[in-house]
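Worksheet for the structure shown next.
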Amino acid sequence: NAGVMQNPRHLVRRRGQEARLRCSPMKGHSHVYWYRQLPEEGLKFMVYLQKENIIDESGMPKERFSAEFPKEGPSILRIQQVVRGDSAAYFCASSPGLLSSYEQYFGPGTRLTVT
Amino acid sequence: DQQVKQNSPSLSVQEGRISILNCDYTNSMFDYFLWYKKYPAEGPTFLISISSIKDKNEDGRFTVFLNKSAKHLSLHIVPSQPGDSAVYFCAAESNTGNQFYFGTGTSLTVIP
């Protein structure tokens, strides 16, 4: 299955710890998007990255959150000093390129629980 | 600020009948609209889309209608099947940005 892969699928962290969420895009896709789904809400855009570049991070909280998409390896969404309000499902999507940003394929998500 | 709204959190339909899911948006800069289907514990799956230059797009049992003047779109599923039971998200993209704006979803249950 060459779909978008996310790991871990479930992540439990205590308040103050760091959470690292990984996303491997579909083969041939160089664009990655991160979304967060809070309970009872739709998906909210967080950040859009190309390899080694952040294109749009307008949806990212200003503190504690960061994202990267290195030349080699998966995209990482990093949350430092997690708080209970960070508990959510985090979805990654990938697309082939800028002109194909309409075609976003989603991974299965990582469910983060902060205790 | 919820720019894409799905005001019906849930919908139940008898198998074989038509399912109509509605979506409203507020931003006139949106020029591309999509519907995603989501099963529990899975990521959203693309279903159908429509560009703002069209008012209708059809793909098998799925048809999306766009009414730009009313800033409203709808997804019709005919005939509905039990396997269609899922959460349906409406999404919109602006011609000035890279991000999708999602509605809060409508949970469709098709009753056999």
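In what follows, chains are A, B, ... by sequence order, proteins preceding strands, each numbered from 1. In this text, all values refer to a predicted model and were calculated from it rather than measured experimentally.
Within the 4.5 Å cutoff, the side chain of A:F106 has no heavy atoms near those of the B:T45 side chain. Side-chain contact between B:K38 and A:F91: present, with at least one pair of heavy atoms (C-beta onward) separated by less than 4.5 Å.
Of the inter-residue distances, the one linking B:F102 atom CZ with A:Q37 atom CD reads 9.5 Å to the nearest 0.5 angstrom. To the nearest 0.5 Å, atoms CZ (A:F45) and OH (B:Y101) are separated by 8.0 Å.
Linking ILVMFWY residues whenever their side-chain heavy atoms come closer than 4.5 Å, directly or via other members, leaves A:W34 and A:Y105 in distinct clusters. In the hydrophobic cluster analysis, where Ile, Leu, Val, Met, Phe, Trp and Tyr join through side-chain heavy atoms closer than 4.5 angstrom, A:I79 is grouped together with A:M60. In terms of hydrophobic clustering, with Ile, Leu, Val, Met, Phe, Trp and Tyr side chains grouped at heavy-atom distances under 4.5 Å, B:Y32 and A:Y48 are assigned to a common cluster.
Within residues 103-112 of chain B, the residues that have a heavy atom under 4.5 Å from a heavy atom of chain A are B:G103, B:T104, listed by number.
A:K44 and B:Q2 form a side-chain donor-acceptor contact under 3.5 Å, judged by distance and modelled atom types alone.
Dense packing is recorded around CZ of A:R9, with more than 12 heavy atoms of other residues, nucleotides or ligands lying under 6.0 Å away. Around the NZ atom of B:K68, the shell of radius 6.0 Å holds more than 12 heavy atoms that belong to other residues, nucleotides or ligands. Taking a 6.0 Å sphere around CZ of A:R15, one finds it holds 12 or fewer heavy atoms contributed by other residues, nucleotides or ligands. Annotation: B:K54, atom NZ; neighbour count of heavy atoms from other residues, nucleotides and ligands within 6.0 Å does not exceed 12. More than 12 heavy atoms of other shown residues, nucleotides or ligands fall within 6.0 angstrom of atom CD in B:Q14.
Chain B forms the most heavy-atom pairs under 4.5 Å with one residue out of A:E41, A:M46, A:Q6, and that residue is A:E41.
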Can you give each donor-acceptor pair under 3.5 Å made by side-chain atoms of residues 108-115 of chain A, sequence neighbours left out, with the distance rounded to 0.1 Å?
unit_1 : atom_1 : unit_2 : atom_2 : d
A:T110 : OG1    : A:P8   : O      : 2.5

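Between A:Y35 and B:F100, the ring planes lie tilted relative to each other; the angle falls in the 30° to 60° range.
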